[in-house]
Amino acid sequence: MGSDNDKHGGTEATGPSHFIRDIIRQDLRAGKNGGRVATRFPPEPNGYLHIGHAKSICLNFGMAEEFGGTCNLRFDDTNPDTEEVEYIEAIEADVAWLGFDWGDRLYHASDYFDQLHEYAIQLIETGKAYVDSLSGEEIKHYRGDFYTPGKESPYRNRTVEENLDLFERMRAGEFDEGEHVLRARIDMQSPNMNMRDPILYRIRKKPHPRTGDAWCIYPMYDYTHCLSDAIEGITHSLCTLEFEDHRPLYDWVLDQLPVPCHPQQIEFARLDLTYTITSKRKLKQLVEEGHVKGWDDPRLPTLQGLRRRGVPPAAIRNFCDRVGVSKADNRVDIALLEHAVREALDKHAPRATGVLRPLRVVITDFPEDQVVQVEAPVHPKDPSFGTRTMPFSRVVYIERDDFMEDPPRKFRRLAPGREVRLRHAFVIKCEEVVKHAGTGEIVELRCTHDPSTLGSNPADGRKVKGVIHWVSAAHALEAEVRLYDRLFTVPDPAGHKKTDFRTFINPDSLEVLTGCKVEPGMADAPPETRYQFERLGYFCTDRHDSRPGHLVFNRIVTLRDTWAKIARQQGKQAR
RNA sequence: UGAGGAGUGGUCGAAUUGGCAAGACGUCUGGCUCUGAACCAGAAGAUUCCAGGUUCGAGUCCUGGCUCCUCAGCCA
């Protein structure tokens with residue numbers, strides 16, 4: 001069984017190079033940073049991680065590992081308004097689950113609050129920062145806009161002593177939120193809005209998840225991030241494109257202060273996926289409005305959702321390697337993720353039988369009381385998985401889809417008068433279709449079997465075209481199966497200016513099937529056990545709802561389904 | 001009317017110093033098969049955003065345009 005902890009199965013193959021790898025290589029060749037590579041993954045603990053974060057995690061940890069460096073996990077926890085320990089814990093669990101190890105390098109920006117405060121005082125002393133007493137509204141007006149240069153605040157030229165005094169009193173809690181802020185003194189005329197005297201500290205009279213009541217002033221991202229990087233000795237500070245405009249400020253702050261090093265910020269394009277959304281705000285909306293059942297709903301691209309769905313972490317790592325790293329906006333086809341999932345699972349998932357929509361089949365020429373234990377490989381391509389046995393008896397269930405009374409062309413399954421192979425067992429022939437007297441619904445098939453076909457082809461050399469799966473009615477386990485499909489019906493649900501993304505929610509993204517029949521060998525499957533249900537897809541026992549005696553399976557992904565494609569085309573032609 | 005980025009098959013994405021436009025996913029064919037899976041073999045699909053220019057030769061260099069993305073939180 002594919003262990004989730006086999007760290008790097010699937011990421012071995014170093015894909016084609018990308019510009020960040022090239023930069024690091026060049027830096028190493030040039031002897032920069034003393035040959036060191038140090039990265040970090042810096043989440044803000046105000047939400048759950050999703051597939052987009054996975055790209056960043058894989059990149060940061062991946063570069064460190066590739067070049068013999070280190071990657072820190074650092075929480076960017078500078079805003080007590082929105083951040084919670086619950087998220088901190090979930091994020092740590094997610095990164096670990098993904099397969100990365102930060103060793104003893106778990107940090108928080110809040111670890112540096114004292115140092116940051118010290119640096120702020122230095123900035124004030126060197127005239128690079130000042131306390132502004134404009135209101136929020138005024139600051140906004142003074143800042144100007146894209147086309148209008150900003151105006152300097154009347155408080156911009158306070159003396160160092162006055163600034164020091166005010167800042168100290170801000171820290172001491174003498175003022176209310178919004179009364180004063182600490183600002184960098186840069187350039188109100190700058191065409192880059194980030195350089196128009198950005199705010200460094202604001203007053204927030206909120207307890208912090210980690211520092212409690214120790215502070216009532218909190219540093220802003222732009223000030224905190226670069227300094228945290230420098231304090232940790234980060235060499236390459238990888239972030240997404242929207243921070244490109246912030247780089248001059250990142251560099252400016254570091255240039256003003258006696259920091260131990262000056263990390264290089266490099267921006268790359270964030271990952272977007274078709275048929276889903278990754279915006280924190282929209283994810284939150286889906287959860288809170290009940291369109292999905294929580295942050296770990298298996299339809300969500302959150303790491304928790306993917307995990308619950310049954311996606312192996314190695315598949316996510318592999319996927320992240322394949323999407324590449326560039327600066328172009330992109331939307332990766334979710335089929336690539338599905339491919340990575342199938343690839344990982346094909347290799348590692350034991351095979352099993354599950355009948356989702358059972359149709360009763362009576363083998364009329366099979367003795368009532370006889371049970372044959374048929375043997376089947378657990379993994380047809382990997383003998384090390386061993387074999388299993390499945391009981392075969394007079395009454396079995398097959399998939400309703402595997403029988404058609406009036407089959408179309410190319411249908412290779414069961415139909416009146418036709419033969420089909422029951423996988424790993426006998427060839428059977430459909431002799432009679434029994435229907436409900438009132439509704440006309442097919443309730444049972446009556447078939448005969450060829451006793452010579454267990455483990456061998458028909459002696460007379462006739463070809464049996466179809467193979468279908470089955471499970472013995474007397475021995476089958478009952479199970480609930482949750483069929484998941486894409487959450488949205490369009491590739492870019494958030495990209496329609498005039499239409500809210502919620503209108504594209506796929507009404508069939510979840511179908512719950514009860515009364516499914518699965519082979520008895522799965523009776524003791526613990527939660528988070530993955531199988532391939534042959535001919536159907538990959539399934540995983542639900543983390544929370546499944547237990548031995550009460551099996552609940554999530555469909556991770558279907559197998560590639562050529563027949564579905566043919567049927568679709570035939571349907572189209574018929575129309 | 002500002003600044004910073006980005007444009008390569010349907011989707012991602014490669015392409016030393018300018019030298020035959022990789023690869024993957026997807027699509028389509030065929031083969032194999034006790035999973036219509038997997039696997040194997042093959043195919044189609046590209047005026048490299050546009051227009052000029054330099055050059056024996058341009059995705060790459062130059063000029064001019066076009067389109068898209070990001071930025072006006074005391075969020076990150």
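Numbered from 1 within each chain, the chains take letters A, B, ... in sequence-line order.
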Please give, in whole Å, the distance from [N] [atom2] to [X] [atom1]?
X      : N     : atom1 : atom2 : answer
A:L249 : B:A76 : CG    : P     : 12 Å
A:M193 : B:U1  : CE    : P     : 17 Å
A:D561 : B:U27 : CG    : C1'   : 16 Å
A:K327 : B:A6  : NZ    : P     : 5 Å
A:D245 : B:G4  : CG    : C1'   : 4 Å
A:M188 : B:A3  : CE    : P     : 18 Å
A:R247 : B:A3  : CZ    : C1'   : 13 Å
A:Y142 : B:G73 : OH    : P     : 17 Å

For [X], answer base if it contacts any base atom (sugar-phosphate contacts may also be present), sugar-phosphate if it contacts only those atoms, and nothing otherwise; contact means non-hydrogen atoms under 4.0 Å.
X      : result
A:T453 : base
A:Y201 : nothing
A:R560 : sugar-phosphate
A:R412 : base
A:E267 : nothing
A:L336 : sugar-phosphate
A:R342 : nothing
A:T240 : nothing
A:H424 : base
A:H246 : base
A:R196 : nothing

Side chain of [X] (C-beta onward), nearest among [options]:
X      : options             : result
A:E44  : B:C75, B:C34, B:G36 : B:C75
A:Q569 : B:C25, B:C28, B:G36 : B:C28
A:L559 : B:G36, B:U35, B:A72 : B:U35

Per the side chain to side chain contact (heavy atoms under 4.5 Å, CB included) rule, which among A:D229, A:N60, A:I20 passes with A:T39? A:N60
Residue that, paired with A:D197, satisfies salt bridge (Lys or Arg N to Asp or Glu O under 4.0 Å) out of A:R156, A:R185, A:R183: A:R156
Using atom P of each nucleotide, how far apart are B:U29 and B:C69 to the nearest Å? 37 Å
How far does the P atom of B:C28 sit from the matching atom of B:A37, given to the nearest Å? 12 Å
Could you check whether atom CZ of A:R418 has more than 12 heavy atoms from other residues, nucleotides or ligands sitting under 6.0 Å from it? yes
A:K205, NZ atom: more than 12 neighbouring heavy atoms under 6.0 Å: yes
So, does [X] get its side chain near the phosphate of [N], meaning an N or O under 4.0 Å from OP1 or OP2?
X      : N     : answer
A:R423 : B:U35 : yes
A:R281 : B:C75 : no
A:N330 : B:G13 : yes
A:T82  : B:C75 : no

Does any donor atom in the side chain of A:D145 or A:T148 lie under 3.5 Å from an acceptor atom in the other side chain? yes
Would you say the side-chain atoms of A:S326 and A:N330 include a donor-acceptor pair closer than 3.5 Å? no
Near-parallel close stack of A:F146 and B:G2 base (under 5.5 Å, under 30°): yes
Are B:G2 and A:Y147 stacked, with the base six-membered ring and the side-chain ring centres under 5.5 Å apart and planes under 30°? no
Positive for side chain to side chain donor-acceptor pair (under 3.5 Å) with A:E419, one of A:R462, A:K463, A:K429: A:R462
By nearest heavy atom, map A:A425 and A:D222 onto RNA chain B; which one lands nearer the 5' end? A:A425
With nearest nucleotide decided by heavy atoms, which residue, A:S326 or A:V464, maps closer to the 5′ end of RNA chain B? A:S326
Nucleotide paired to B:U17 in any strand shown, Watson-Crick or G-U, under 3.5 Å: none
Tell me whether B:G73 sits syn or anti, counting syn as a glycosidic angle within 90° of 0. syn
